[in-house]
Amino acid sequence: MSDINEMNQGLRWYVAHTYSGYENKVKANLEKIVENRGLGDKIVDIRIPTEIVVESDGGKEREVENKIFPAYVLIKMEMSDETWHIVRNIRGVTGFVGPGSKPVPLTDEEAAAIIREEPEVTTSASFQVGDLVNIIDGVFRGYSGKLESISEETGEVTVVVSTVGRDMSVTLDKKFIEKAKD
């Protein structure tokens, strides 16, 4: 694998393929190895992209965390023979995403879309109860509604959206809404 060292492009996001259901074990084992070997400067972040979905079961609603890409773990790392070997030999990892044995890093745009690294949010837009807002992320992305309440302590807002012919209150993080353009 000596050509891996030549591919080094600094810290980039790579995707490791795992056995289904092993994502959390792979993440935990890799974090432990990074800590034990002092590799925090070479493997800096490990993520399993998830989303919160509201499921209703017999009239009861509950939030469930679903993996967006089952059997994949995203790793921000500096690719070298050493780091390739460490990740590749963790139990449950089948390989990196890329042709043959050559891992291909995600582009910055792909990584931002998948990981949803939140930019620093400034509260330039102050919201008031009664404002018309658009939901820009999450399960209700694309919906519009009226702002019903704002909690400054938690940063959450409640928006009344109309779906399937009836109004429904949805609680979201404030960063998931924007004022509707008049």
Side-chain angles (χ1 to χ4, degrees), residues 10-28 30-31 43-77 92 96-98 103-182:
L11 290 173
R12 302 290 304 270
W13 283 102
Y14 292 88
V15 181
H17 186 267
T18 69
Y19 294 129
S20 183
Y22 274 70
E23 303 90 349
N24 293 331
K25 291 175 190 170
V26 167
K27 181 180 182 205
L30 185 54
E31 286 171 341
I43 300 176
V44 298
D45 200 357
I46 305 156
R47 298 206 189 169
I48 302 167
T50 59
E51 64 183 350
I52 303 295
V53 178
V54 178
E55 291 183 351
S56 62
D57 184 25
K60 295 182 181 179
E61 289 187 352
R62 60 187 174 118
E63 291 185 350
V64 178
E65 187 175 59
N66 285 342
K67 291 178 178 70
I68 298 173
F69 302 108
Y72 292 97
V73 175
L74 279 70
I75 306 165
K76 188 168 190 173
M77 61 189 270
F96 281 98
V97 172
V104 176
L106 295 174
T107 65
D108 293 337
E109 294 80 20
E110 291 169 333
I114 293 171
I115 297 163
R116 293 186 182 156
E117 289 180 332
E118 299 297 332
E120 297 266 333
V121 177
T122 57
T123 55
S124 60
S126 59
F127 297 102
Q128 295 180 358
V129 172
D131 284 349
L132 291 177
V133 295
N134 295 323
I135 301 174
I136 57 173
D137 203 355
V139 177
F140 291 94
R141 174 196 218 152
Y143 282 85
S144 296
K146 187 177 278 191
L147 196 55
E148 186 175 60
S149 69
I150 304 168
S151 172
E152 294 299 331
E153 297 84 41
T154 63
E156 292 182 330
V157 296
T158 303
V159 179
V160 176
V161 297
S162 181
T163 180
V164 195
R166 62 178 217 193
D167 289 345
M168 179 171 54
S169 294
V170 178
T171 303
L172 308 158
D173 194 296
K174 193 177 192 177
K175 64 186 173 194
F176 293 156
I177 64 169
E178 66 181 9
K179 281 191 176 181
K181 295 175 178 64
D182 296 326

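All values reported here derive from a predicted model rather than from experimental measurement. Start at 1 with the first residue, then count along the sequence.
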TODO: Look at the side chain of Glu23 and the backbone N and O of Ala71, then say whether any donor-acceptor pair between them is shorter than 3.5 Å.
DONE: yes
- [ ] Identify the two heavy atoms, one from Ile177 and one from Ile136, that lie closest to each other, and give their separation to 0.1 Å.
- [x] N-CG1, 4.0 Å
Open item on the list: Given 3.5 Å as the limit, does a donor-acceptor pair link the side chain of Asp173 with the main chain of Lys175, or not?
Closed with: yes
- [ ] Search all heavy atoms of Gly92 against all heavy atoms of Val26 and return the closest pair with its distance.
- [x] C-CG2, 4.1 Å
- [ ] Might you work through the side chain to side chain contact (heavy atoms under 4.5 Å, CB included) test for Ile114 and Phe69, ending with a clear yes or no?
- [x] CA-CA 9 Å; Ile114 293 171; Phe69 302 108; 3.6 Å; yes
Open item on the list: Does Tyr22 form a side chain to side chain contact (heavy atoms under 4.5 Å, CB included) with Val73? I'd like the steps, not just the answer.
Closed with: CA-CA 9 Å; Tyr22 274 70; Val73 175; over 6 Å; no
Open item on the list: Working to the nearest 0.5 angstrom, can you tell me the gap between Phe140 CZ and Met168 CE?
Closed with: 3.5 Å
Open item on the list: Assess, by modelled atom type and distance only, whether the side chains of Glu65 and Thr50 contain a donor and an acceptor separated by less than 3.5 Å.
Closed with: yes
Open item on the list: Testing the basics here: between Tyr72 and Ile48, what is the closest heavy-atom pair and its distance to 0.1 Å?
Closed with: O-CG2, 4.4 Å
Task: Atom of Ile75, atom of Ala16 and distance for their closest heavy-atom approach - done: CD1-CB, 3.9 Å
Open item on the list: If you compare all heavy atoms of Gly130 against all heavy atoms of Lys146, which two are closest, and at what distance to 0.1 Å?
Closed with: O-CG, 3.6 Å
Task: Gap between atom CD1 of Ile150 and atom CG of Asp131 - 0.5 Å precision - done: 7.0 Å
TODO: Rounded to the nearest 0.5 Å, what's the gap from CZ on Arg12 to NZ on Lys76? Could you check?
DONE: 9.5 Å
- [ ] For residues Ser144 and Asn134, report the shortest heavy-atom separation together with the two atoms involved.
- [x] OG-OD1, 2.6 Å
Task: Ring centre gap for His17 and Phe96 strictly below 6.0 Å - done: no
Task: Inter-residue atom distance Arg47.CZ - Trp13.CH2, 0.5 Å rounding - done: 4.5 Å
Open item on the list: If I take atom CG from residue Leu147 and atom CG from residue Leu172, how far apart are they, to the nearest 0.5 angstrom?
Closed with: 9.5 Å
Task: Full working for side chain to side chain contact (heavy atoms under 4.5 Å, CB included) between Leu106 and Leu74 - done: CA-CA 9 Å; Leu106 295 174; Leu74 279 70; 4.0 Å; yes
